[in-house]
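By convention in this document, chain letters (A, B, ...) are assigned in the order of the sequence lines, proteins followed by strands, and residues within each chain are numbered from 1.
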Amino acid sequence: MIELPKVYIAKEVEDKWYKDWEDKKLFSAKIDPAAKPFCIVIPPPNVTGILHMGHALNNTIQDILIRYHRMKGDQALWMPGTDHAGIATQNVVEKSIAKEKLKRQDLGREKFLERVWVWKEQYGSTIIRQLKKLGASCDWERTRFTMDEAYSGAVKEVFVRLYEKGLVYQGHRIINWCPRCQTALADEEAPHQDLQGNLYYLKYPFKNDPDKFIVVATTRPETMLGDTAVAINPKDSRYKKLIGKELVLPLVNRVIKIIADPMVDKKFGTGCVKVTPAHDPNDYAMGKAHNLEFVNVMYPDARMNEAAGDYKDMDRFEAREVIIEDLREKGLLEKIVPHALSAGHCYRCHTIIEPYLSKQWFVKMAPLAEPAIKAVKEGKIKFYPARWKKVYLNWMENIQDWCISRQIWWGHRIPVYYCKNCPEKIIVSLSAPEKCPDCGKTDIYQDEDVLDTWFSSWLWPFATFGWPFTSHTSQVTRHKSEEELKYFYPTSTLVTAPEIIFFWVARMIMAGFEFMKDIPFKDVYIHGTVRDIEGKKMSKSLGNVIDPLEIINEYGTDALRFSLISITAQGQDVFLSKERFEQGRNFCNKIWNAARFVLMNLEGEAIKTDLCVFFQKEDLDLTNRWILSRFYSTLKELNKNIEAYRFNEAANLLYHFFWHEFCDWYLEMIKHDIKNPQNQVVMFKILEKFLRAAHPFMPFISEEIWQKISPGSGSIMAGPWPHIQEQIIDRKIESKMEIAFLIITGIRNMRSEMEIAPALEIKAVIYAGNKLNAELISSLIPHIKKLARLSDLVVEEKFQHLKSQLTTLVGDMHVSIPLEGVVDIDKELAKLDEKIKKAENDIKAKKNTLSNKNFIERAPTEIVEKERSKLKELEDTLHKLKGVKDGLQ
RNA sequence: GGGCGAUUGGCUCAGUUGGUUAGAGCGCCACAUUCACAUUGUGGAUGUCAUAGGUUCGAGUCCUAUAUCGCCCACCA
């Protein structure tokens with residue numbers, strides 16, 4: 001007999017087993033030609049990251065897949081690592097040095113980067129430690145960082161290769177500029193958000209007739225300082241004749257021309273557009289087309305610059321106010337109309353983006369997109385749920401060039417060098433050239449900018465294996481890495497959130513084709529976003545965050561994982577409240593106590609007995625055959641659902657089987673005959689196999705119990721996944737038992753209705769209807785008697801109408817309980833009559849109310865409705881009471 | 001402007017190619033406690049599956065509109 005404590009205390013077992021798994025290197029995967037590879041690369045969390053519910057969900061799903069495949073015998077590799085997260089990390093470290101009243105410029109590039117590395121060493125593994133708390137079975141020895149030396153080599157290699165292919169180029173363009181982070185951003189990094197702004201109508205006087213104006217409408221009046229034209233639509237009859245006329249730009253007194261461009265919408269505003277080529281992408285295009293001057297009026301921090309004259313040094317929004325006031329004073333402001341608009345916001349600091357003209361590096365995307373589109377269209381890569389395929393294709397088919405240079409310090413420095421003597425010369429090279437290839441001088445300096453973080457993470461599925469292997473010092477390790485990449489690539493499944501599709505998923509597919517000539521992964525599982533119970537995104541500023549570590553602390557990791565998974569329908573957002581985790585905790589406790597019960601009652605030999613011995617003998621009774629059949633049916637469904645990424649279904653299968661079939665029915669049935677050898681073996685085997693099947697979902701409790709029941713047999717995670725025994729699955733047996741359950745429930749129901757004390761044993765008669773049923777029921781008599789608390793159960797073939805017996809129908813069988821001597825029938829009848837009388841009176845009263853015209857007309861409709869439904873309820877009750885009375889007589 | 005998702009008992013949600021009587025968790029009501037588990041057990045109540053049409057032998061599921069909510073994308077100044 002093995003004894004377990006009464007309550008499962010997660011805290012006391014989790015760390016112990018995690019350490020044991022790590023010590024035994026159970027997470028490590030290696031090349032095994034005899035096994036199938038199964039590989040997941042983790043979406044690398046930011047080094048600045050701390051575990052939130054999104055991570056918890058994302059990594060639980062990955063861990064389930066990895067543990068499942070590992071138990072199935074695959075070489076399951078979960079490649080871990082972190083992302084240097086350029087802007088985010090730089091911001092964090094800048095904040096930290098700000099406490100010392102320092103700016104990064106005070107330290108200088110080198111010193112600042114030293115500080116970032118120190119910070120990274122100190123805090124960068126926080127998220128890794130937290131993933132371990134979650135039970136993540138990553139192959140930690142492989143942990144990569146996107147700024148590792150080898151990884152950085154891959155990034156450089158890719159830049160150089162793409163440059164040589166003509167796919168990386170430098171361009172002078174309007175890009176998304178974050179004035180706070182002071183860097184360019186890619187389009188995806190500047191998501192649009194709706195704003196309530198104004199449309200300002202400004203009057204621009206004609207040069208030759210200063211009393212007359214043309215009126216332009218703008219949402220950003222401060223940019224007027226940089227206007228170099230006013231545009232109208234060439235087909236606009238109102239303004240056609242004005243084309244070529246000159247205006248005097250107010251406040252700056254620059255003479256600008258009226259030009260015609262088809263891009264102008266006649267219907268918007270006045271139909272006249274101020275053109276600011278240096279501050280708006282459309283205006284930029286017009287500026288190019290019409291050969292206009294480009295006047296940049298802002299500093300990189302969005303204060304107005306010298307070109308803004310008197311407004312110099314004002315912030316852009318302050319300048320906006322002042323300019324409007326100045327124009328108003330001069331009578332050049334026609335009106336201000338409230339106007340809803342949307343503007344890009346920095347995805348790191350939420351500052352409103354300034355479209356800004358600058359020189360940046362870009363990747364030409366269309367050629368890269370082509371094979372990536374094809375692969376998804378042809379189904380080589382599948383999205384789960386499939387609807388994301390459309391989102392992906394839509395984006396890919398309209399892909400824009402990717403701005404990859406960032407004006408920050410933390411990141412991969414662009415491998416481009418310039419010669420001070422040859423200003424036009426661009427040297428793209430993996431390492432710093434010693435001298436200029438043109439003039440031979442050594443006055444060489446590197447591009448100041450770094451690369452977009454995503455320009456490194458798009459290589460994650462293969463760069464983590466050491467690609468392109470140039471940094472390997474020895475042939476042996478190089479060979480090993482190359483072989484590993486061959487074995488594990490393409491990886492199996494990518495698990496991520498929808499907002500990452502463009503940033504990362506799409507780009508990995510492109511990089512995969514470009515550099516590996518193959519897809520990076522076969523399946524993409526997109527899970528939902530974790531939200532609070534009101535559907536709001538969890539965020540610190542809203543204060544609605546549920547901290548997974550707090551849940552782990554309070555309820556246990558398995559409770560967290562199980563609860564999270566069981567409510568995550570494929571691809572749907574998850575609405576969470578703290579109470580949800582009680583379900584997982586309760587389930588853990590149920591498993592714990594069932595195991596405790598089994599172990600308490602287990603005799604030594606059962607553990608060692610081979611289940612197959614019984615099967616061959618075919619001498620298992622109905623109950624045991626039933627639970628075995630149910631287990632394997634469940635297992636079959638479980639496999640199917642895990643493989644179809646239907647994790648909630650999988651979790652619910654485990655839950656339902658264990659709680660409501662194994663505990664509520666099976667254990668209750670065998671309880672009174674628990675020392676029966678076949679019950680001993682079957683209950684033990686089911687527990688054991690269930691633990692294995694539950695392990696990917698609930699790794700800790702399954703291991704803890706496993707170790708109690710199978711000491712010395714190694715970790716459950718290294719053991720095999722239960723094998724489906726098709727021959728045990730028997731629908732007939734299952735439906736036979738279902739009939740028994742219906743009978744038991746029927747009797748319990750009648751007992752409850754008659755208010756028969758639970759402890760009181762009564763008699764029951766089953767009129768089976770035919771011989772077959774009669775035989776079946778007879779074999780179940782002990783179970784039914786026990787579970788329905790019967791002193792006696794008689795099975796008859798033909799139904800007999802007897803007095804004082806309450807009957808319920810189960811299929812074609814009548815299940816009756818004689819009430820004579822059990823309840824005082826006269827008393828019951830009297831009670832019933834009283835109830836019936838009261839119901840009838842109530843109904844009368846309600847009907848009276850409802851037939852009162854005044855009431856119907858004057859009372860609020862909801863009150864009337866309430867009265868009506870009350871009446872209906874009463875009528876139903878009456879009907880039922882009469883039914884009960886009929887049965888009793 | 002385009003696209004996507006959601007709408008099912010009091011609450012939160014499942015419901016996989018259309019197929020018997022639409023499920024779960026939580027909550028609620030009644031009963032049970034020397035029994036592995038009150039983080040429990042037994043029983044119960046609550047649904048015109050958003051609305052209107054259509055296809056079908058059959059629709060929560062498919063089609064077409066409509067409404068409400070949410071999300072994503074987009075260069076209307």
Side-chain angles (χ1 to χ4, degrees), chain A residues 4 6-8 174 187-188 191-192 199-200 216-220 223 231 263-265 267-276 279-286 339 341-342 344 355 385 387-388 390-391 394-395 398 400 498-499 501-502 528-529 531 533-537 555 559 563 566-577 579-580 582-601 637 640-641 644-646 648-649 652 655-656 659-660 663-664 667-668 671-672 744-745 747-753 755-759 787-789 873 876:
Chain A
L4 259 50
K6 204 173 169 184
V7 174
Y8 172 62
I174 300 271
D187 295 342
E188 298 71 44
H192 282 74
L199 200 51
Y200 302 88
V216 296
T218 180
T219 54
R220 294 188 296 148
T223 62
M263 210 189 276
V264 178
D265 180 354
K267 288 183 209 110
F268 191 91
T270 58
C272 304
V273 186
K274 59 188 268 317
V275 183
T276 324
H279 286 276
D280 183 276
N282 287 323
D283 295 10
Y284 177 81
M286 277 195 252
H339 181 70
L341 67 149
S342 75
R387 70 183 132 92
W388 295 109
K390 269 191 276 180
V391 176
N394 182 49
W395 187 75
N398 297 293
Q400 302 293 310
E499 61 265 27
I501 294 175
F502 305 144
T529 306
R531 298 173 181 282
I533 205 71
E534 283 163 11
K536 294 198 195 94
K537 251 188 185 175
Y555 298 90
S563 295
S566 70
I567 57 168
T568 307
Q570 191 178 65
Q572 282 311 119
D573 285 355
V574 185
F575 288 57
L576 266 189
S577 67
E579 295 77 53
R580 297 292 325 206
E582 286 174 11
Q583 190 199 355
R585 178 202 56 184
N586 294 357
F587 188 39
C588 286
N589 196 54
K590 190 71 183 177
I591 295 172
W592 185 256
N593 273 289
R596 186 164 161 250
F597 173 76
V598 169
L599 294 180
M600 272 173 134
N601 290 290
E637 288 295 303
K640 227 169 72 185
N641 280 298
Y645 304 109
R646 310 182 68 89
N648 63 323
E649 296 286 330
N652 291 336
Y655 185 88
H656 186 265
W659 199 312
H660 297 302
C663 291
D664 288 352
L667 290 183
E668 291 303 323
K671 226 172 214 178
H672 56 284
I744 293 164
T745 309
I747 296 171
R748 284 171 174 171
N749 186 344
M750 287 188 281
R751 293 182 61 119
S752 174
E753 227 162 84
E755 291 177 11
I756 297 166
L787 297 188
R789 287 223 166 229
E873 257 173 56
D876 283 353

Task: Strand RNA chain B as a dot-bracket string - pairs counted if Watson-Crick or G-U with both distances under 3.5 Å, | where the partner lies in another strand - done: (((((((..((((.....[...)))).(((((.......))))).....(((((..]....))))))))))))....

Open item on the list: Counting only side-chain nitrogens and oxygens, does A:Lys590 get under 4.0 Å of the OP1 or OP2 atom of B:G41?
Closed with: yes

TODO: Could you tell me whether the side chain of A:Arg646 has a donor or acceptor atom within less than 3.5 Å of a complementary atom in the base of B:U16?
DONE: yes

Open item on the list: From the set B:G43, B:A36, B:A14, return the single nucleotide nearest to any side-chain atom of A:Glu649.
Closed with: B:A14

Task: Upstream residue (5' side of RNA chain B) when A:Tyr8 and A:Asn593 are each assigned their closest nucleotide - done: A:Asn593

Below 3.5 Å between N/O atoms, which protein atoms pair up with nucleotides 23-33 of chain B? Just atom names and distances, please.
| from | atom 1 | to | atom 2 | distance (Å) |
| --- | --- | --- | --- | --- |
| B:G25 | OP1 | A:His660 | NE2 | 3.4 |

Open item on the list: Strictly under 4.0 angstrom, non-hydrogen atoms only: write out the protein contact profile of nucleotides 1-7 of chain B, one letter per nucleotide from the 5' end, B, S or -.
Closed with: ---SSS-

Task: Nucleotide of B:G41, B:C72, B:C75 approaching A:Phe502 most closely (side-chain heavy atoms) - done: B:C72

Open item on the list: Quick check for you: to the nearest 0.5 Å, what is the distance between A:Tyr8 atom OH and A:Asn586 atom CG?
Closed with: 14.0 Å

Open item on the list: Closest-nucleotide mapping onto RNA chain B: is A:Val273 or A:Ala644 further toward the 5' terminus? I mean the 5' end.
Closed with: A:Ala644

Task: Side chain to side chain, A:Ile744 and A:Arg748, heavy atoms closer than 4.5 Å - done: yes

TODO: Just call it for A:His672: base, sugar-phosphate, or nothing, with non-hydrogen atoms closer than 4.0 Å on any strand.
DONE: nothing

